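Presented below is the structure to which this report refers.
Note that the structure is predicted; figures quoted are calculated from it, not measured. Indexing begins at 1, ligand by ligand and atom by atom, following the structure's order.
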Amino acid sequence: MIDVRDVVVEYGKKAAAVRAVDGLSLRVAPGESLALIGPSGCGKSSLLFAMAGLIRPTAGTISVNGESLTRPRREIALILQNAGLLPWKTVWQNANLSLLLGREYPRVTAQAVLDELGLGEVKRRYPSELSEGMKRRVGVARALSTSPSVMLMDEPLASLDTLTKERIQDLFLRLWVRHAFALVLVTHDIEEAAFLGQRVAVLSDRPAQIKEIVENPAMGELNYRDTAAFADTVQRLRAGLER
Ligand SMILES: Nc1ncnc2c1ncn2[C@@H]1O[C@H](COP(=O)(O)OP(=O)(O)OP(=O)(O)O)[C@@H](O)[C@H]1O
Ligand SMILES: [Mg+2]
């Protein structure tokens, strides 16, 4: 369970302070998925970085499985927009960065993860030798390599073409079902939120607050995009963003 309570994130001090997140609360149970959608610059990344233990909230608390979050933790993985690959390291090394940094986990898992993501054949290549979609998948392999119970994604598919995007969204859905992590997905993309979020929180302009939570219980199948329930969720999200 990830429990965010009355979290405020501010940058800078006193009169110069910029408030990015404004007393926001949310909960995500084990194995649940929550998508966060909101205007550009509203504070989405700030909230996610706080949930990853990378920044300390100015006020409020965040706990994971009952323990207060004070630093990054192995069971919480974060995927960034550009995948954060190191250009001088191979696919294998990038995917296994936490191993290289001295954290331990079984190597066999790492190979299995690369195979699962269709990267087994390219593990000796460098990022410059990969397509954009492959790079994003290496970022996913890295995040999966520590078997996280919480997966945070910050616009992981931004600026990909629609087909590649949908193929990787399908992959995210399969991984979420198979690995049963709690998923928190920040996205600009209404259809992505509707495809992957059991609930979708619509955020306000900065500083981020939750304007509305749209329930989306029918998601979870690969053909969901073709259903009336999906179209309905998309419409409700669009209306929520415009309100
Ligand atoms: N390290 C920082 N120092 C000062 N201000 C910051 C810092 N990081 C973010 N901000 C400010 O906080 C606000 C929210 O930024 P944040 O990156 O969380 O928004 P976002 O919703 O993720 O934006 P985007 O849609 O562009 O990804 C913005 O006004 C931004 O300029
Ligand atoms: Mg952001």
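Between R142 and N94 there is a side-chain heavy-atom pair separated by less than 4.5 Å. Residues L114 and V91 are in side-chain contact: their nearest non-hydrogen atoms beyond the backbone lie under 4.5 Å apart. Looking only at side-chain heavy atoms (C-beta outward), Q198 and L34 stay at 4.5 Å or farther from each other.
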List the steps, then state whether salt bridge (Lys or Arg N to Asp or Glu O under 4.0 Å) holds for E116 with R174. CA-CA 10 Å; E116 185 176 18; R174 289 199 300 270; over 6 Å; no

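A 6.0 Å sphere centred on CZ of R178 holds more than 12 heavy atoms belonging to other residues, nucleotides or ligands. Open room surrounds CD on E221; 12 or fewer heavy atoms of other groups in view lie less than 6.0 Å from it.
Taking atom 8 (N) of ligand 1 as the reference point, the nearest protein heavy-atom neighbour is Y11 CZ, 3.3 Å. Looking from atom 18 (O) of ligand 1 to the surrounding protein, the closest heavy atom is S46 OG, 2.5 Å. Nearest protein heavy-atom neighbour of atom 13 (C) of ligand 1: R206 CD, 3.5 Å. Protein heavy atom in closest approach to atom 25 (O) of ligand 1: K44 NZ, 2.8 Å. The nearest protein atom to atom 17 (O) of ligand 1, hydrogens excluded, is given as S45 CB, 3.7 Å; this is a heavy-atom distance.
The S40 neighbourhood of ligand 1 comprises atoms 25 (O), 26 (O), with distances under 4.0 Å to a heavy atom of that residue.
Between E132 and R136 there is a salt bridge, since at least one side-chain N of the basic residue sits less than 4.0 Å from a carboxylate O of the acidic one.
Among the atoms of Q81, no N, O or S atom falls under 2.8 Å of the Mg ion (ligand 2).
Under the 4.0 Å distance rule, the nearest protein heavy atom to atom 30 (C) of ligand 1 falls outside the cut-off.
Looking at G43, G41, C42, it is G41 that brings a heavy atom closest to atom 24 (P) of ligand 1.
At least one heavy atom of E155 sits less than 4.0 Å from an atom of ligand 1.
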